[in-house]
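Below is one structure, written out as structure tokens; comments come after it.
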Amino acid sequence: MRQIIIIGSGPAGYTAAVYAGRANLEPLLIASSVEAGGELMNTTEVENFPGFPEGIMGPDLMAKLQVQAEKFGTEVLYDDVVSLDLTGDVKKVQVGSGETLEASTVIFATGSAYRRLGLPEEERLSGHGLSWCATCDGFFFREKTIAVVGGGDSAMEEATFLTRFASKVYVIHRRDTLRASKIMQNRAFENDKIEFVWNSEVVAIEGEGAVSGVTLRDTETGELRKLPLDGLFVAIGNDPRTHLVHGQLELTPEGTIAVEGRSSRTNLPGVFAAGDVIDPTYRQAVTAAASGTVAALDAERYLAAREQAQHEALTLAN
Ligand code: NAP
């Protein structure tokens with residue numbers, strides 16, 4: 001049985017692994033079989049991670065974090081967790097290969113998943129002109145007219161990045177002010193290829209085999225209009241990935257995993273949570289990394305206290 005299993009391979013998971021590894025806990029980190037590295041794998045340049053004044057590409061940062069975690073004895077398993085039993089003293093983690101892994105503690109750092117528009121055409125057109133990842137799919141839209149939905153940092157980042165390929169990028173936002181930070185807003189406003197479509201909601205995605213446009217509803221007048229497009233990128237935020245722990249771990253009203261105060265302690269002893277899965281507010285690579293640190297320290301203290309209690313019980317019995 002392991003002392004610690006970390007589920008998730010974003011900044012929270014790997015930072016927890018660095019700390020747990022340095023505490024000689026020989027962590028096993030379960031990275032997804034297909035999406036290893038978390039959200040930063042779909043990002044271009046990360047400009048705000050301390051210590052990289054020239055910026056660093058998201059995938060490079062994740063590769064460095066993995067090397068650092070492995071340097072201190074972390075074992076990385078590329079598989080998907082399919083079910084969890086976190087209730088007992090021995091935590092059971094079943095992975096896609098069919099194997100059930102056991103540990104005294106689990107750090108749950110599964111991050112968040114792209115939010116969908118909730119339209120019926122989304123499933124059918126996904127990968128056919130409809131995408132959630134500019135860095136993955138931008139290349140396919142050379143000299144095309146495309147749109148990005150959203151008004152946050154992600155939407156600004158995606159739209160700006162996509163102007164490298166597309167001839168025109170609309171940003172469709174449901175209000176007339178952006179949620180994005182000033183620097184990201186300004187970068188988008190100053191880009192000649194970007195045009196903002198304010199107060200507009202996508203109510204339908206057009207296209208049989210591939211996206212050919214969208215139907216927009218004016219959020220003030222209710223008026224409908226069509227906008228012809230070759231591609232559509234959705235960047236409207238993320239939802240915490242908690243489906244594996246429903247019914248076991250308490251959630252907050254925002255849908256994140258509930259933790260005690262500033263700690264990473266969940267409602268179950270020996271189970272800790274870190275990163276975007278507990279954070280409805282900040283959701284930065286550096287806050288996720290810090291949260292991974294907290295989880296590793298909490299797990300280390302839990303294990304030490306348990307060992308001490310067992311030792312005292314044994315001494316008493318003798
Ligand atoms: P976000 O800040 O939550 O913004 C989501 C945007 O999508 C909002 O403008 C929201 O509109 C809109 N939206 C949400 N649901 C929608 C729906 N169903 N239909 C249409 N529009 C919808 O999410 P984010 O942009 O992904 O950013 C998340 C976090 O990551 C933030 O803290 C951000 O700062 C950070 N981030 C940072 C960077 C960077 O620093 N380089 C890059 C990317 C992300 P309303 O504004 O009307 O709510």
Side-chain angles (χ1 to χ4, degrees), residues 1-31 38 50 65-66 68-77 81 84-93 101-112 240-242 244-252 254-313:
M1 185 170 71
R2 298 253 172 191
Q3 302 217 66
I4 182 161
I5 290 179
I6 298 164
I7 303 171
S9 53
Y14 273 126
T15 308
V18 169
Y19 273 75
R22 290 190 78 244
N24 278 339
L25 296 175
E26 297 173 342
L28 174 72
L29 182 145
I30 306 179
L65 270 170
Q66 178 169 353
Q68 198 174 355
E70 286 175 336
K71 178 175 156 190
F72 297 114
T74 301
E75 186 188 336
V76 179
L77 174 69
V81 174
L84 286 168
D85 181 355
L86 301 172
T87 47
D89 260 0
V90 177
K91 316 298 176 196
K92 297 191 169 80
V93 180
L101 307 159
E102 293 184 344
S104 302
T105 62
V106 164
I107 293 178
F108 197 74
T110 49
S112 55
R241 245 191 228 113
T242 55
L244 284 166
V245 296
H246 284 173
Q248 297 190 68
L249 295 187
E250 270 171 27
L251 302 182
T252 65
E254 287 100 351
T256 51
I257 292 175
V259 290
E260 216 179 294
R262 295 184 64 202
S263 82
S264 65
R265 291 189 294 273
T266 68
N267 57 304
L268 292 178
V271 182
F272 307 90
D276 280 7
V277 81
I278 64 165
D279 178 6
T281 314
Y282 302 106
R283 307 192 43 249
Q284 305 294 306
V286 70
T287 51
S291 163
T293 303
V294 170
L297 294 175
D298 285 343
E300 190 187 338
R301 283 170 196 164
Y302 169 86
L303 287 165
R306 213 171 70 146
E307 196 178 323
Q308 176 74 18
Q310 280 165 353
H311 178 72
E312 279 168 13

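- Shortest non-hydrogen contact noted between A274 and I107 is CB-CG2, 4.4 Å.
- Looking at D276, its side chain never comes within 3.5 Å of a backbone N or O of S112 through a donor-acceptor pair.
- For the residue pair Y14 / Q68, no side-chain donor-acceptor distance below 3.5 Å is found, with atom types taken as modelled.
- Formation of a donor-acceptor pair under 3.5 Å by the T15 side chain with backbone atoms of A12 is not found in this model.
- Judged purely by atom type and a 3.5 angstrom limit, N24 has no side-chain atom pairing as donor or acceptor with the backbone of E26.
- A distance-only check finds a donor-acceptor pair linking the side chain of T293 to the backbone of A289 [under 3.5 Å].
- Taking all atoms of both residues into account, the shortest heavy-atom contact from T256 to P280 is CG2-N, 3.9 Å.
- The closest donor-acceptor contact from the side chain of E250 to the backbone of A258 lies at 3.5 Å or more, if one exists at all.
- The nearest pair of heavy atoms linking S291 to G275 is OG-N, 2.7 Å.
- Not one N or O on the side chain of T266 forms a donor-acceptor pair closer than 3.5 Å with the backbone of F272.
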**Prompt:** Do E75 and R2 pass the salt bridge (charged side-chain N to carboxylate O under 4.0 Å, His left out) test, and can you show the C-alpha distance, the side-chain angles, and the key distance before you say yes or no?
**Reply:** CA-CA 11 Å; E75 186 188 336; R2 298 253 172 191; 2.5 Å; yes

**Prompt:** Where do D279 and T287 land on the side chain to side chain contact (heavy atoms under 4.5 Å, CB included) test, with the steps shown first?
**Reply:** CA-CA 9 Å; D279 178 6; T287 51; 4.1 Å; yes

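- In this structure, A299 and I4 approach most closely via the heavy-atom pair CB-CD1, 3.8 Å.
- Distance alone, capped at 3.5 Å, is enough to place a donor-acceptor pair between the T74 side chain and the A69 backbone.
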**Message:** Walk me through whether L25 and E300 qualify under side chain to side chain contact (heavy atoms under 4.5 Å, CB included).
**Reply:** CA-CA 8 Å; L25 296 175; E300 190 187 338; 4.2 Å; yes

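- Judged as a side-chain hydrogen bond (donor to acceptor under 3.5 Å, both in side chains), and not counting sequence neighbours, Q3 has no contacts.
- Here the closest heavy-atom approach between residue I278 and residue A273 is recorded as CG2-CB, 3.4 Å.
- For the side-chain hydrogen bond (donor to acceptor under 3.5 Å, both in side chains) test with S104, the passing option among R306, K91, E307 is R306; the others fail.
- A285 pairs by the side chain to side chain contact (heavy atoms under 4.5 Å, CB included) definition with P11, L40, F49, not counting sequence neighbours.
- No donor-acceptor pair under 3.5 Å is formed between the side chain of D85 and the backbone N or O of K92.
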**Item:** CA sep, side-chain torsions, deciding dist, call: T242, T110, side chain to side chain contact (heavy atoms under 4.5 Å, CB included)
**Value:** CA-CA 8 Å; T242 55; T110 49; 5.9 Å; no

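- What you find for V277 and F108 is that their closest heavy atoms are CG1-O, 3.7 Å.
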